[in-house]
Amino acid sequence: MRSEKVMAGMSGGVDSSVCASLLIDGGYSVAGVTLDLWGKDSTASPEAEEAAKVCERLGIPHYVFEMQEDFAGAVIDDFINEYINGATPNPCIVCNHKIKFGKMLEYAENAGYSKIATGHYAVVKKDGSGRYLLSKAADRAKDQTYVLYSLTQEQLSSVVFPLGGLTKAQVREIAESKGFSNAHKPDSQDICFVPDGDYAAFIEKYTGKISAPGEFTDINGCPIGKHNGLIRYTVGQRKGLGISLGKPAYVVAKDTASNRVVLGDEEQLFYRRVLVRNVNFIPFDRLEGDMRVTAKLRYRHTEQPARIIPDEKGVIVEFDEPQRAPSSGQSAVFYDGDTVVGGGIIVKGI
């Protein structure tokens with residue numbers, strides 16, 4: 001039907017494998033590419049080997065792009081700097097914007113491919129004016145629009161998400177019917193460069209610097225104990241504090257200037273208003289006035305009714321009900337029904 005050239009990002013997992021297969025079925029001229037983001041030696045990664053097997057089965061070329069330096073500079077260094085400065089960043093969002101839909105798209109265009117495709121669960125469509133919109137996937141449990149909110153109009157115009165209309169169960173059925181060995185491979189749950197989830201240990205090993213111990217304080221600044229390094233704590237945390245106060249204690253703030261972790265009661269974690277910066281809007285370029293939306297503050301956060309208000313520093317998200325632990329460095333994402341309005345980086349609850 002068409003021979004448009006599409007470069008499919010392939011991680012070795014079932015989603016990206018089915019993505020490539022569906023593109024071929026749709027009449028595209030497809031090549032698979034694996035981004036080597038975290039290679040440590042000259043041997044091929046298991047992910048690249050699995051992707052190569054799938055491409056061989058599909059009869060399409062497979063390439064490996066070495067992006068260790070780009071990934072380290074744009075994603076890992078940013079993650080570490082944010083964490084050291086007291087924030088809780090989401091590196092997947094940065095990686096999508098700068099690497100998968102940034103550098104990969106640049107490489108693809110230079111190689112003569114007009115579009116890239118990934119196995120993300122999301123839908124791209126056009127509105128009546130020709131502007132590109134990002135909408136939720138059919139499988140709400142797998143929807144990944146939260147980590148894609150930063151995509152620009154240029155990026156959205158050049159991306160294909162073949163899995164947007166499918167459920168995960170359907171994707172696995174397709175993979176099984178194609179004879180893919182990864183048809184029932186479990187989904188990855190962790191940050192790719194911190195597979196065990198121990199962010200503090202990774203940061204200390206990567207930087208060669210130990211996070212200095214400091215003081216726990218109450219909300220009035222009175223010392224109440226010793227902590228084991230600022231990077232070991234996140235806002236909202238209760239377990240693993242290593243301190244007994246005779247009642248439940250929660251991390252309500254981190255003071256990087258004085259290397260203090262502030263503990264308080266759970267009710268001190270709730271805010272109705274959240275300041276958000278570095279905002280990217282998708283249906284329009286800028287927010288001209290207040291707008292009713294639903295919003296979420298974390299990937300697994302259930303959307304909550306709110307309004308977004310223009311602010312000189314970005315936007316203020318005003319929720320109908322107070323929300324727990326808006327964390328600096330995480331992203332707030334706004335929706336109008338199924339459509340992503342936009343999102344940005346949380347500065348703080350106000």
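Between the side chain of Q153 and the main chain of Y132, a donor-acceptor pair closer than 3.5 Å is present. The backbone N or O of L151 lies less than 3.5 Å from no partner atom in the side chain of N96, so there is not a single donor-acceptor pair. Judged by distance alone, with hydrogens and angles left aside, the side-chain atoms of R286 form no donor-acceptor pair with the main-chain N or O of F281 at under 3.5 Å. Side-chain atoms of T294 never come within 3.5 Å of backbone atoms of P305 as a donor-acceptor pair (strictly under, hydrogens ignored). Between the side chain of T152 and the main chain of Q155, a donor-acceptor pair closer than 3.5 Å is present. The closest donor-acceptor contact from the side chain of S17 to the backbone of D15 lies at 3.5 Å or more, if one exists at all. H227 contributes no side-chain N or O that, together with a main-chain N or O of P213, makes up a donor-acceptor pair within less than 3.5 Å. In terms of modelled atom types and a separation under 3.5 Å, the side chain of D143 and the main chain of A138 share no donor-acceptor contact. Using a distance-only test at 3.5 Å, with no hydrogens or angles considered, no donor-acceptor pair links the side chain of N182 to the main chain of K185. Looking only at distances, a side-chain donor or acceptor of D139 sits under 3.5 Å from a matching main-chain atom of K168.
Within the model, atoms OH of Y113 and OG of S29 stand 6.0 Å from one another, a figure rounded to the nearest 0.5 Å. In this structure, S16 OG and E47 CD are separated by 10.5 Å, a value rounded to the nearest 0.5 Å. Atoms CG and CD1, from L148 and I93 in turn, are 9.0 Å apart once rounded to the nearest 0.5 Å. From C192, atom SG reaches atom CG of L37 across 6.0 Å, with rounding to the nearest 0.5 Å. Put simply, CG on D25 and CD1 on I174 are 8.5 Å apart, with the number rounded to the nearest 0.5 Å. We find the SG-CG distance between C222 and N220 to be 5.5 Å, quoted to the nearest 0.5 Å.
Side-chain atoms of Y149 and S331, non-hydrogen and from C-beta on, do get closer than 4.5 Å to each other. The side-chain heavy atoms of H62 and K53, taken from C-beta on, include no pair separated by under 4.5 Å. Counting heavy atoms from C-beta on, the side chains of R131 and K126 never come closer than 4.5 Å. By the 4.5 Å heavy-atom criterion applied to side chains, Q304 and K296 are not counted as neighbours. Contact annotation: the side chain of P310 approaches that of D290 to within less than 4.5 Å [non-hydrogen atoms, C-beta and beyond]. Side-chain contact check for S158 versus F101: every heavy-atom pair is 4.5 Å or farther apart. A 4.5 Å side-chain heavy-atom check between T88 and S328 finds every atom pair outside the cut-off. Side-chain contact between Y107 and V33 is absent, with no heavy-atom pair separated by less than 4.5 Å.
Within 6.0 Å of CD on E267 lie more than 12 heavy atoms contributed by other residues, nucleotides or ligands. Counting heavy-atom neighbours within 6.0 Å of K98 NZ, excluding the residue itself, gives a total of 12 or less. Shown here is Q170, whose CD atom has more than 12 heavy atoms of other residues, nucleotides or ligands within 6.0 Å. The 12-atom threshold is exceeded at CD of Q268, counting heavy atoms of other residues, nucleotides or ligands nearer than 6.0 Å.
The shortest non-hydrogen separation linking V171 to L163 is CG2-CD2, 4.1 Å. Minimum interatomic distance between A122 and T145 (heavy atoms only, all atoms of both residues): CB-CG2, 3.9 Å. In terms of heavy-atom proximity, S135 sits nearest to T339 at OG-OG1, 3.8 Å. Between T34 and A51 the shortest heavy-atom distance is OG1-CB, 3.3 Å. Residue G221 comes nearest to T217 through the heavy atom pair C-CB, 3.8 Å, listed as atom of the first residue, atom of the second, then distance. In terms of heavy-atom proximity, R232 sits nearest to Q237 at O-OE1, 3.5 Å.
Linking Ile, Leu, Val, Met, Phe, Trp and Tyr residues whenever their side-chain heavy atoms come within less than 4.5 Å leaves V252 and V347 in two separate clusters. When hydrophobic clusters are built by joining Ile, Leu, Val, Met, Phe, Trp and Tyr residues whose side-chain heavy atoms come closer than 4.5 Å, directly or via intermediates, I282 is not grouped with M291. I346 and Y146 fall into different hydrophobic clusters, where Ile, Leu, Val, Met, Phe, Trp and Tyr residues are linked whenever their side-chain heavy atoms come under 4.5 Å apart, directly or through other members. With hydrophobic clusters built from ILVMFWY side chains whose heavy atoms lie under 4.5 angstrom apart, V124 shares a cluster with M7. The hydrophobic clustering, which links ILVMFWY residues whose side-chain heavy atoms are closer than 4.5 Å, places Y271 and L269 apart.
Stacking of K136 on the aromatic ring of Y335 is recorded, both the 6.0 Å distance cut-off and the 45° axial limit being met.
Here Y199 and F79 bring their ring centres to under 6.0 angstrom of each other. Taking the six-membered ring where the residue is Trp, the centroids of Y250 and Y233 are separated by 6.0 Å or more.
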Exercise for review: Report the C-alpha distance between F71 and I76 in whole Å, list the side-chain angles of each, state the deciding distance to 0.1 Å, and finish with yes or no for side chain to side chain contact (heavy atoms under 4.5 Å, CB included).
Suggested key: CA-CA 7 Å; F71 185 70; I76 297 179; 3.7 Å; yes
Practice item. Apply salt bridge (Lys or Arg N to Asp or Glu O under 4.0 Å) to the pair R260 and D218, showing each step before the final yes or no. Key: CA-CA 10 Å; R260 292 181 172 183; D218 62 19; over 6 Å; no
Practice item. Show your reasoning for whether side chain to side chain contact (heavy atoms under 4.5 Å, CB included) applies to I80 and F202. Key: CA-CA 9 Å; I80 290 172; F202 169 79; 4.2 Å; yes
Exercise for review: Apply side chain to side chain contact (heavy atoms under 4.5 Å, CB included) to V251 and L241, showing your working.
Suggested key: CA-CA 9 Å; V251 175; L241 299 179; 3.7 Å; yes
Practice item. Please test V262 against I219 for side chain to side chain contact (heavy atoms under 4.5 Å, CB included), starting from the C-alpha separation and ending with a verdict. Key: CA-CA 6 Å; V262 183; I219 60 170; 4.0 Å; yes
Exercise for review: Start with the C-alpha distance between D198 and K205, add both sets of side-chain angles, then the distance that settles salt bridge (Lys or Arg N to Asp or Glu O under 4.0 Å), and finish with yes or no.
Suggested key: CA-CA 11 Å; D198 191 341; K205 182 177 180 181; over 6 Å; no
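Ring geometry for F161 against H120 counts as perpendicular: the plane angle is over 60°, on a 0 to 90° scale with 30° as the lower cut. Ring-plane geometry between F65 and Y63 is classed as parallel, the angle between the planes falling under 30 degrees on a 0 to 90 degree scale with a further cut at 60.
Residues S114 and E4 have side chains that bring a donor and an acceptor to within less than 3.5 angstrom of each other.
Remark: D338 engages R140 in a salt bridge, criterion side-chain N to carboxylate O under 4.0 Å. A salt bridge links E266 to R324: one of the charged nitrogens lies within less than 4.0 Å of a carboxylate oxygen. With respect to D187 and R172, a salt bridge is recorded, a charged nitrogen being found less than 4.0 Å from a carboxylate O.
Of the candidates R292, R307, R273, R292 is the only one forming a salt bridge (charged side-chain N to carboxylate O under 4.0 Å, His left out) with D320.
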